[in-house]
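Report on the following structure.
Index from 1, following the sequence.
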Amino acid sequence: MAIFKGSGVALVTPFKEDLDIDYEKLRELVDYHVEHKTDAIIVCGTSGESATMTVEEHLECIAVVTEQANGRIPVIAGTGSNDTETAVELSVESEKCGVDGLLMVTPYYNKATQNGLYQHYAKVAGHVKTPIILYNVPSRTGLNILPATAVRMAKEIDNVVAIKEASGNISQVAELAHLGQGIIDIYSGNDDQILPLMSLGGIGVISVTANIIPDDTHDLCQKFFDGDIEGARALQLKAIDLCKALFCEVNPIPVKKATEILGMTNGKVRLPLTEMEAEHAEILIKAMKEYGVEGI
């Protein structure tokens with residue numbers, strides 16, 4: 001059974017002015033997504049700036065989100081690391097919080113061979129029972145999970161059940177679906193490719209844009225599931241310019257700015273991320289207005 005189907009939001013982490021985590025605001029964001037049809041919350045992923053969190057902050061965010069969700073919506077915790085032992089620790093402690101799934105990015109910087117990837121995930125999986133979503137994002141990690149490797153893991157490691165595919169390579173996704181034959185759930189990791197990926201058998205998206213258009217991101221997926229392909233296509237194409245604007249600087253700088261514009265957060269990011277450039281902010285505001293984002 002899938003951890004979730006539809007739109008999972010890659011949730012931003014709100015900070016206070018001094019860049020401490022604003023846990024009360026985080027709770028408000030959870031409630032917002034429950035109320036706006038989001039199908040799952042992914043906490044402490046790339047969009048959540050997990051790379052600049054201490055282990056203690058990381059686990060506190062996961063605990064707070066899980067507590068606030070209170071079973072109303074599945075919670076998936078980002079627990080990946082380039083250090084296998086750290087990934088084990090984060091995964092074990094997140095499981096204690098009662099999360100519904102773990103999202104584990106491939107090791108970055110030190111990277112790995114395909115066999116090293118298998119051994120990395122197998123070791124973490126051996127310490128937990130919670131379902132694991134592989135996270136393939138070569139543009140950020142410098143490492144690609146080949147389709148054969150992903151399928152091998154899904155077949156041989158009981159709790160590896162899904163993959164977030166953010167390679168941007170539709171041919172690779174097609175090969176993955178062909179080899180997997182339904183043994184591994186596939187989520188889009190690119191907001192401009194939700195519909196193409198679902199047409200190949202994907203069951204949803206782990207989405208940045210869902211931070212600001214949660215209803216439409218859910219509806220895009222649901223229309224596809226309901227057989228309304230034209231309706232799903234219309235929403236996908238409508239979002240293209242907004243997707244471009246939300247990635248005109250490195251994620252999550254633009255989406256954090258978007259949440260500031262909407263009054264959801266103060267937009268603060270931690271170094272090495274920086275305030276969005278003024279000309280890019282203008283592009284973002286224009287795209288949000290043209291899309292008709294509620295609240296702008």
Side-chain angles (χ1 to χ4, degrees), residues 4 6-15 21-22 24-50 61 65 68-69 73 75-76 78 164 166 187-195 204-223 232 234-269 273-296:
F4 76 94
S7 171
V9 63
L11 193 68
V12 299
T13 301
F15 297 127
I21 296 171
D22 189 336
E24 287 307 308
K25 187 67 69 174
L26 185 60
R27 290 180 184 276
E28 291 175 13
L29 292 178
V30 172
D31 289 342
Y32 171 80
H33 283 285
V34 171
E35 293 162 6
H36 286 270
K37 301 196 290 188
T38 294
D39 298 293
I41 290 176
I42 293 79
V43 58
C44 293
T46 304
S47 299
E49 297 178 70
S50 59
C61 275
V65 169
Q68 191 68 21
I73 186 173
V75 173
I76 294 117
K164 175 184 176 181
Y187 298 103
S188 178
N190 298 92
D191 285 305
D192 61 349
Q193 295 181 348
I194 302 171
L195 182 57
V205 60
I206 295 177
S207 169
V208 174
T209 60
N211 280 282
I212 60 170
I213 51 167
D215 298 88
D216 281 0
T217 310
H218 163 87
D219 288 348
L220 193 168
C221 296
Q222 192 60 51
K223 285 178 184 295
L235 285 173
Q236 178 72 89
L237 296 179
K238 179 183 178 183
I240 294 300
D241 286 342
L242 182 59
C243 291
K244 288 180 181 178
L246 285 169
F247 288 89
C248 67
E249 288 190 25
V250 67
N251 181 49
I253 291 173
V255 72
K256 257 312 190 44
K257 172 58 80 171
T259 61
E260 178 189 359
I261 293 164
L262 296 175
M264 301 166 73
T265 77
N266 62 12
K268 296 290 185 182
V269 293
L273 301 185
T274 52
E275 174 76 14
M276 194 175 192
E277 300 293 336
E279 62 269 28
H280 292 154
E282 290 177 9
I283 292 170
L284 177 60
I285 292 169
K286 181 174 183 288
M288 291 171 69
K289 287 180 176 177
E290 290 180 350
Y291 185 92
V293 174
E294 186 178 344
I296 188 172

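- Sorted by first and then second residue, the salt bridge (Lys or Arg N to Asp or Glu O under 4.0 Å) pairs with a member in residues 258-267 read Lys257-Glu260; sequence neighbours excluded.
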Output side-chain donor-acceptor pairs under 3.5 Å for residues 281-296, partner residues at least two apart or in another chain, one line each.
from, atom 1, to, atom 2, distance (Å)
Lys286, NZ, Glu290, OE2, 2.7
Tyr291, OH, Asp216, OD2, 2.6

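- Distance alone, capped at 3.5 Å, is enough to place a donor-acceptor pair between the Thr13 side chain and the Gly48 backbone.
- Put simply, the side chain of Glu28 does not reach to within 4.5 Å of the side chain of Asp31, judged on heavy atoms.
- For the atom pair Thr265 OG1 and Asp22 CG, the distance stands at 9.5 Å (nearest 0.5 Å).
- We find the OH-OG1 distance between Tyr32 and Thr259 to be 10.5 Å, quoted to the nearest 0.5 Å.
- In this structure, CD1 in Ile194 is found 5.5 Å from OG1 in Thr209, a value given to the nearest 0.5 Å.
- Between Ile206 atom CD1 and Asn190 atom CG the span is 11.5 Å, to the nearest 0.5 Å.
- Here the side chains of Pro252 and Leu273 are in contact, with some heavy-atom distance below 4.5 Å.
- Between the side chain of Asn211 and the backbone N or O of Val208, at least one donor-acceptor pair lies under 3.5 Å.
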Next on the checklist: Working note: Leu195 + Leu235, criterion side chain to side chain contact (heavy atoms under 4.5 Å, CB included); need CA distance, chi angles, decisive distance, verdict.
Outcome noted: CA-CA 9 Å; Leu195 182 57; Leu235 285 173; over 6 Å; no
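- Qualifying side-chain contact (heavy atoms from CB on, under 4.5 Å) partners for Lys268, counting only residues two or more places apart in sequence or in other chains: Phe15, Glu17, Leu19, Asn266.
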Could you list the donor-acceptor pairs under 3.5 angstrom formed by side chains in residues 240-247, with sequence neighbours left out?
none

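- The only member of Val255, Val250, Asn251 that meets side chain to side chain contact (heavy atoms under 4.5 Å, CB included) when paired with Ile253 is Val250.
- In this structure, Phe4 and Tyr187 approach most closely via the heavy-atom pair O-OH, 2.6 Å.
- Contact between Gln236 and Asp191 at its shortest, heavy atoms only, is NE2-O, 3.0 Å.
- In this view, Ser50 and Cys44, His58 satisfy the side-chain contact (heavy atoms from CB on, under 4.5 Å) rule, not counting sequence neighbours.
- With rounding to the nearest 0.5 angstrom, the CD atom of Glu24 is 8.0 Å from the CD atom of Gln68.
- Contact annotation: the side chain of Cys221 never approaches that of Asp39 to less than 4.5 Å [non-hydrogen atoms, C-beta and beyond].
- Judged as a side-chain contact (heavy atoms from CB on, under 4.5 Å), and not counting sequence neighbours, the contacts of Glu279 are Glu277.
- Once rounded to the nearest 0.5 Å, the distance linking NE2 of His33 with CG of Asp215 reads 10.0 Å.
- Without hydrogens or angle criteria, Thr38 side chain to Ala40 main chain gives no donor-acceptor distance under 3.5 Å.
- The shortest distance between side-chain heavy atoms of Ser7 and Lys37 does not fall below 4.5 Å.
- For the pair Met276 and Cys248, the tightest heavy-atom approach, listed with the atom from each and the gap, is CE-SG, 3.5 Å.
- Taking all atoms of both residues into account, the shortest heavy-atom contact from Gly189 to Lys164 is CA-CE, 3.6 Å.
- Under the 4.5 Å side-chain criterion, counting only non-hydrogen atoms from C-beta, Val9 is not in contact with Pro214.
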